[in-house]
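Order of the sequence lines fixes the chain letters, A, B, ..., with proteins taken first and strands second; residue numbering starts at 1 for each chain. All of these numbers come straight from a predicted model, not from anything done at the bench. All values below come from the heavy atoms of this structure, side chains included, with hydrogens, waters and symmetry mates left out.
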Protein chains: 2
Amino acid sequence: MSDHRLKEALDTLKGSGVRITPQRHAVLEYLINSMSHPTADEIYKSLESKFPNMSVATVYNNLRVFREIGLVRELTYGDSSSRFDCNTTDHYHAICDHCGKIVDFHYPSLDEVESLAEQVTGFDVSNHRMEVYGTCEECKDKETQKH
Amino acid sequence: MSDHRLKEALDTLKGSGVRITPQRHAVLEYLINSMSHPTADEIYKSLESKFPNMSVATVYNNLRVFREIGLVRELTYGDSSSRFDCNTTDHYHAICDHCGKIVDFHYPSLDEVESLAEQVTGFDVSNHRMEVYGTCEECKDKETQKH
DNA sequence: TTATTAGATTAAAATCTTTATAAATAGTGT
DNA sequence: ACACTATTTATAAAGATTTTAATCTAATAA
């Protein structure tokens with residue numbers, strides 16, 4: 001089902017003149033099939049069996065390439081490592097303060113915020129990012145069970 | 001002019017039973033007077049002349065203390081180090097993609113986003129964060145001059 | 001086809017940020 | 001003054017990411 005998105009992503013790569021190596025293909029495929037937002041290390045570990053010789057630097061290098069051509073977004077939260085999201089359609093994230101889970105949700109794009117910010121700050125605004133923080137359902141349940 | 005905010009912050013510290021050491025005082029003062037959003041290392045370097053023996057761990061420790069009692073916010077963006085913001089009033093950030101400058105701006109709080117996210121994701125949402133990204137005025141000027 | 005070259009990968013070391021540890025110091029209350 | 005606790009310091013350690021240099025691969029040109 002995500003074959004289509006993978007093909008599209010590969011086309012974007014080709015269009016940018018980026019070589020499609022087996023490692024790149026694998027990282028991209030993993031990102032697209034992953035419903036979560038994996039860290040570089042998670043990707044590295046998951047592909048270890050398929051590519052026993054792959055270096056972690058390769059994962060980082062390729063994630064940078066993907067980011068630079070706009071194929072993936074790098075998400076930096078409080079925790080130590082970056083997470084990578086290849087869902088480039090407009091969406092926002094809900095993040096659980098307890099377990100770190102990230103859930104996507106949609107909301108009409110906040111274009112007004114961008115234009116107001118432009119007026120107030122003098123910036124040329126190109127995009128924005130938003131997250132809500134709180135407690136996910138599972139963690140809520142766990143809390144309730146304790147008491 | 002920021003004497004008032006400093007005094008307020010010191011009162012908050014006292015109220016939380018946190019000792020006001022010279023180092024803490026200095027870090028807090030620096031944060032309040034700084035209109036930017038400094039990194040731990042920037043704070044450390046700026047206070048080096050006043051406190052030649054201060055350890056960088058002290059800066060981190062105290063920033064954590066301040067964060068825990070809600071006196072400062074930790075901002076994590078794409079770049080490697082966290083930035084610290086002691087402006088706890090509700091505001092958002094505009095971040096320059098070129099030079100990294102951070103400018104504050106105000107916008108009516110996005111309460112609707114929080115409640116919609118709660119409905120869609122099942123989370124208990126406690127707060128949110130938003131930034132806009134683009135090019136600041138100075139960097140725009142530089143670009144124009146080039147051509 | 002073969003040689004050349006640019007790009008990509010690998011493995012290792014280096015760097016950078018942040019945290020942990022243990023000893024020294026300073027502050028507080030008795 | 002004494003004991004107790006919090007804080008600072010210096011150093012080491014951990015963890016994430018980047019850099020380096022060597023090697024390998026794939027595309028191109030002769």
Side-chain angles (χ1 to χ4, degrees), chain A residues 10 12-31 37-69 71-85 100, chain B residues 10 12-31 37-69 71-85 100:
Chain A
L10 292 172
T12 308
L13 278 186
K14 261 187 226 157
S16 308
V18 175
R19 268 189 213 161
I20 296 163
T21 64
Q23 293 90 336
R24 281 196 181 137
H25 191 284
V27 171
L28 206 47
E29 192 175 15
Y30 182 85
L31 268 171
H37 305 75
T39 63
D41 199 58
E42 277 164 18
I43 300 173
Y44 172 63
K45 288 221 167 62
S46 303
L47 300 180
E48 220 167 22
S49 50
K50 239 190 206 165
F51 296 86
N53 292 324
M54 186 164 65
S55 160
V56 68
T58 300
V59 176
Y60 278 104
N61 286 339
N62 290 334
L63 287 171
R64 174 155 28 89
V65 169
F66 297 159
R67 169 163 49 86
E68 278 167 0
I69 64 178
L71 220 45
V72 312
R73 275 190 247 170
E74 185 171 353
L75 311 170
T76 55
Y77 302 124
D79 55 347
S80 40
S81 12
S82 288
R83 302 184 157 275
F84 296 87
D85 181 2
Chain B
L10 291 172
T12 308
L13 278 187
K14 259 186 229 158
S16 308
V18 175
R19 270 190 212 159
I20 298 164
T21 64
Q23 293 90 337
R24 283 198 181 136
H25 192 284
V27 171
L28 206 49
E29 191 175 16
Y30 182 85
L31 268 172
H37 305 72
T39 63
D41 197 59
E42 277 164 17
I43 300 172
Y44 173 63
K45 288 218 166 64
S46 304
L47 299 181
E48 219 167 24
S49 51
K50 239 190 206 165
F51 297 85
N53 292 323
M54 185 165 65
S55 160
V56 68
T58 300
V59 176
Y60 278 102
N61 285 340
N62 289 333
L63 287 172
R64 173 156 31 86
V65 169
F66 297 161
R67 170 163 49 84
E68 277 167 0
I69 65 177
L71 221 45
V72 312
R73 273 191 250 172
E74 185 171 354
L75 311 171
T76 55
Y77 302 126
D79 54 348
S80 39
S81 11
S82 288
R83 301 183 159 276
F84 296 86
D85 183 359

Are the side chain of A:Ser16 and the backbone N or O of A:Thr12 linked by a donor-acceptor pair below 3.5 Å? yes
Atom CG of B:Leu13 and atom P of D:dA6 are separated, to the nearest Å, by 16 Å
Is there a donor in the side chain of B:Glu74 and an acceptor in the side chain of B:Ser82, or the other way round, less than 3.5 Å apart? yes
Do B:Ser55 side-chain atoms and B:Ala57 backbone N/O form a donor-acceptor pair below 3.5 Å? yes
Per-nt protein contacts along nucleotides 14-22 of chain D (heavy atom under 4.0 Å; B base, S backbone sugar-phosphate only, - none) come out as --SSBB---
Could you tell me the separation between the CD atom of B:Gln23 and the C1' atom of D:dA10, rounded to a whole number of Å? 14 Å
With a 3.5 Å distance limit and no angle check, can you tell me whether B:Glu68 reaches the backbone of B:Val65 through a side-chain donor-acceptor pair? no
By nearest-heavy-atom nucleotide on DNA chain D, the more 5' of B:Asn53 and B:Gly17 is B:Gly17
B:Lys45 has an atom NZ; how far is it from atom P of C:dC16, in whole Å? 10 Å
Length of the CD-P vector between B:Glu42 and C:dC16, whole Å: 15 Å
Nearest-angstrom distance from the residue atom OH of B:Tyr44 to P of C:dT18: 14 Å
Any non-hydrogen side-chain atom of B:His37 less than 4.5 Å from a side-chain atom of B:Phe84? no
Are any non-hydrogen side-chain atoms of A:Ile43 and A:Leu63 less than 4.5 angstrom apart? yes
Nearest-neighbour nucleotide for the B:Val18 side chain, D:dT7, C:dA8, C:dT10 considered: D:dT7
Spacing of A:His25 atom NE2 relative to C:dT9 atom P, expressed in whole Å: 13 Å
Nucleotide C:dG7, atom P - distance to CG of A:Asn62 in whole Å: 15 Å
For nucleotides 22-30 of chain C, print each protein N/O atom paired with a nucleotide N/O atom at under 3.5 Å, atom names and distance only.
none

Test your reading of the model: is there a side-chain donor-acceptor pair from B:Arg24 to the backbone of B:Asn62, 3.5 Å cut-off? no
Whole-Å distance separating the CZ atom of B:Phe51 from the P atom of D:dT8: 10 Å
